[in-house]
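A note on names: the letters A, B, ... follow the listed sequences, proteins ahead of strands, and every chain is numbered from 1.
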Number of protein chains: 2
Amino acid sequence: MMGVRAQQKEKTRRALVDAAFNQLSAERSFSSLSLREVAREANIAPTSFYRHFKDMNELGLTMVDEGGLTLRQMMRKGRQRAEAGGSVIRISVDTFMEVLESNPNVFRILLHERSGTSAPFRAAVAREIEHFISELAHYTEATAGRAPDFARAQAEALVTLVFNAGAAALDMKRVDRKVLADRLVIQLRMVAKGAEALQHKMENR
Amino acid sequence: MMGVRAQQKEKTRRALVDAAFNQLSAERSFSSLSLREVAREANIAPTSFYRHFKDMNELGLTMVDEGGLTLRQMMRKGRQRAEAGGSVIRISVDTFMEVLESNPNVFRILLHERSGTSAPFRAAVAREIEHFISELAHYTEATAGRAPDFARAQAEALVTLVFNAGAAALDMKRVDRKVLADRLVIQLRMVAKGAEALQHKMENR
DNA sequence: TTTTTGAGCGTACATCTGTACGCTAATTTA
DNA sequence: TAAATTAGCGTACAGATGTACGCTCAAAAA
């Protein structure tokens, strides 16, 4: 059981993380936030920040980990919906777009730091994306009977296309997102179809 | 004919652009450069910067435009090589990897500002990428007989995969790049094959 | 009860930033 | 030749940043 003191500390820590997430937007990346800004938004003195994080990097990495987890949990929930029947691709895309709409800033930090200037950040984001890829590769291997290497390449392509579309969607209004989602579905089908065709070609030799 | 004075001005302007390009690296993005840093590297006083650019944004947009142009020119040269025969996909990928290796910073600014915090930057990068996509869509339409909408979706997927691989390649050593390039070729073939299959499916209905 | 711990604060400082302003000196124009 | 233009510089300033240091005072440990 947590003492009064530890509870309060956790509360402040959350306030810091939330403050940072809330300050993210299309015009504001994590790396452009200053320690003082985050502290201000969380209503603590700048120097108190250090009671919770060594520096801004540590806060950022926490956010990436937390964000990746959130995203994966939501996508997994969506996949359960797909098990009821219907196009897996379609349902996954729709789920993804919903996640994007309700947690844009979680996606933003992953998206932006993926091509950021800090190697640890890039590695952390890569790790999160890797989770998506390997979950998907495993799924494809099992249900479509792909060879492991092939399943991997296919999954990577699928995730790349989805992430990229997500980035584009962030800037868009709902109507345009719909068009984007439809096009994305077509592109994902291209990859799926093509992977199948290539696999057959290799087997019949 | 340019007077002595205009020549000198152009030279200094170039020094600024080059200074900025040279300061880019995996650890340093354009948006993290300060006006003073760039001026220092170009050996002019900070305040002289304003004789050439309104602010850092104007310099950055110049770099994006210039970079996009460079990239397209190099890719076009590569495409001529492909006309001699061989796999278009393979040759294009190899060309791209060579371009990447000889102009990493040109690619870096496009890559990073694509998901940056400045709307004008994002728009400028999107414009450059759009050039790649429409050149490719036109090519696919002509040589593979795709329907326009389909060719567009396909080209978009191809370019997305290539750019994404490029981003990954920036961090890698030569050996790993080779593995990456091979996988990229497979992914691009998936898209090409799949687009073909989907197109046939639509025609036979 | 007494002692120790530690979250949060306020002050302070060195460093860096963008840019306003006015000058110089060389080129260009008249 | 005389006048106008302008690239580049030096000085100066206000604002923001990260963080060192020492204090307080409530909670936890002894």
Side-chain angles (χ1 to χ4, degrees), chain A residues 1-25 27-63 109 112-113 116-121, chain B residues 1-20 22-25 27-63 112-113 116-121:
Chain A
M1 162 174 164
M2 250 203 308
V4 178
R5 193 159 192 160
Q7 271 181 44
Q8 177 53 40
K9 179 165 188 182
E10 180 55 31
K11 208 170 151 192
T12 305
R13 188 188 147 102
R14 264 254 66 79
L16 280 170
V17 174
D18 291 345
F21 266 122
N22 287 334
Q23 301 203 48
L24 296 182
S25 73
E27 292 77 31
R28 215 77 167 69
S29 70
F30 173 78
S31 46
S32 83
L33 296 182
S34 74
L35 182 152
R36 288 174 106 104
E37 278 178 307
V38 175
R40 213 176 295 139
E41 178 85 8
N43 288 312
I44 66 168
T47 48
S48 301
F49 180 96
Y50 297 104
R51 300 286 182 200
H52 304 273
F53 300 99
K54 190 178 142 288
D55 53 23
M56 283 293 285
N57 275 343
E58 201 173 291
L59 169 59
L61 289 175
T62 301
M63 290 168 72
I109 192 169
H112 191 263
E113 300 309 325
T117 52
S118 155
F121 270 73
Chain B
M1 164 177 166
M2 250 202 307
V4 178
R5 194 159 195 164
Q7 270 181 47
Q8 178 52 41
K9 179 166 188 183
E10 180 55 31
K11 210 171 150 190
T12 304
R13 188 189 148 101
R14 264 253 67 78
L16 281 170
V17 174
D18 291 344
N22 287 334
Q23 300 202 53
L24 296 182
S25 73
E27 293 75 33
R28 214 79 164 72
S29 69
F30 173 77
S31 45
S32 82
L33 297 181
S34 74
L35 182 153
R36 288 174 107 105
E37 280 178 306
V38 175
R40 215 177 293 140
E41 177 86 7
N43 289 313
I44 66 167
T47 47
S48 300
F49 179 96
Y50 298 104
R51 300 287 180 197
H52 304 273
F53 300 99
K54 187 178 144 289
D55 54 24
M56 284 291 285
N57 276 343
E58 199 173 292
L59 168 59
L61 289 175
T62 301
M63 291 168 71
H112 192 263
E113 300 308 326
T117 52
S118 154
F121 271 73

Give the rounded distance in Å between these two atoms: [atom1] of [X] and [atom2] of [N].
X	N	atom1	atom2	value
B:Gln8	C:dA25	CD	C1'	14 Å
B:Leu16	D:dA7	CG	P	13 Å
B:Ile44	C:dT19	CD1	P	14 Å
A:Arg40	C:dG10	CZ	P	14 Å
B:Phe49	C:dA20	CZ	P	14 Å
B:Asp55	C:dG18	CG	P	10 Å
B:Tyr50	C:dG22	OH	P	17 Å
A:Gln7	C:dA7	CD	P	15 Å

Does a side-chain N-to-carboxylate-O contact under 4.0 Å join B:Arg36 and B:Glu41?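 No salt bridge links B:Arg36 with B:Glu41.
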
Identify whether the distance between the nearest side-chain nitrogen and carboxylate oxygen of B:Glu37 and B:Arg28 falls below 4.0 Å.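 Yes, B:Glu37 and B:Arg28 are salt-bridged.
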
Going by modelled atom types, is there a donor-acceptor pair between the base of [N] and the side chain of [X] at under 3.5 Å?
X	N	result
A:Arg36	D:dG18	yes
B:Arg51	D:dT6	no
B:Thr47	D:dG10	yes

Just checking B:Arg13: base, sugar-phosphate only, or nothing, at a heavy-atom cut-off of under 4.0 Å?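 It contacts nothing in the nucleic acid.
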
Side chain of [X], heavy atoms from C-beta onward: which of [options] has the nearest atom to it?
X	options	answer
B:Arg5	D:dA27, D:dG8, C:dT27	C:dT27
A:Val4	C:dA7, C:dG18, D:dA27	D:dA27
A:Pro46	C:dA7, D:dT19, D:dT17	D:dT19
A:Glu37	D:dC9, D:dA7, D:dT17	D:dT17
B:Ser48	C:dC9, D:dC9, C:dG18	D:dC9

Would you say the side-chain atoms of B:Gln8 and B:Thr12 include a donor-acceptor pair closer than 3.5 Å?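 Per modelled atom types, B:Gln8 and B:Thr12 side chains form a pair under 3.5 Å.
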
Taking the side chain as every heavy atom from C-beta outward, state whether A:Leu59 and A:Met56 have any pair of such atoms under 4.5 Å apart.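 When only atoms from C-beta onward are counted, A:Met56 and A:Leu59 do touch, with a gap below 4.5 Å.
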
Indicate yes or no: at least one non-hydrogen side-chain atom of A:Val17 is less than 4.5 angstrom from one of A:Phe53.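 SC-SC contact between A:Val17 and A:Phe53 confirmed.
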
By nearest nucleotide on DNA chain C, pick out whichever of A:Lys9 and B:Leu33 is the more 5' one.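 Going by which nucleotide is closer to the 5' end, it is A:Lys9.
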
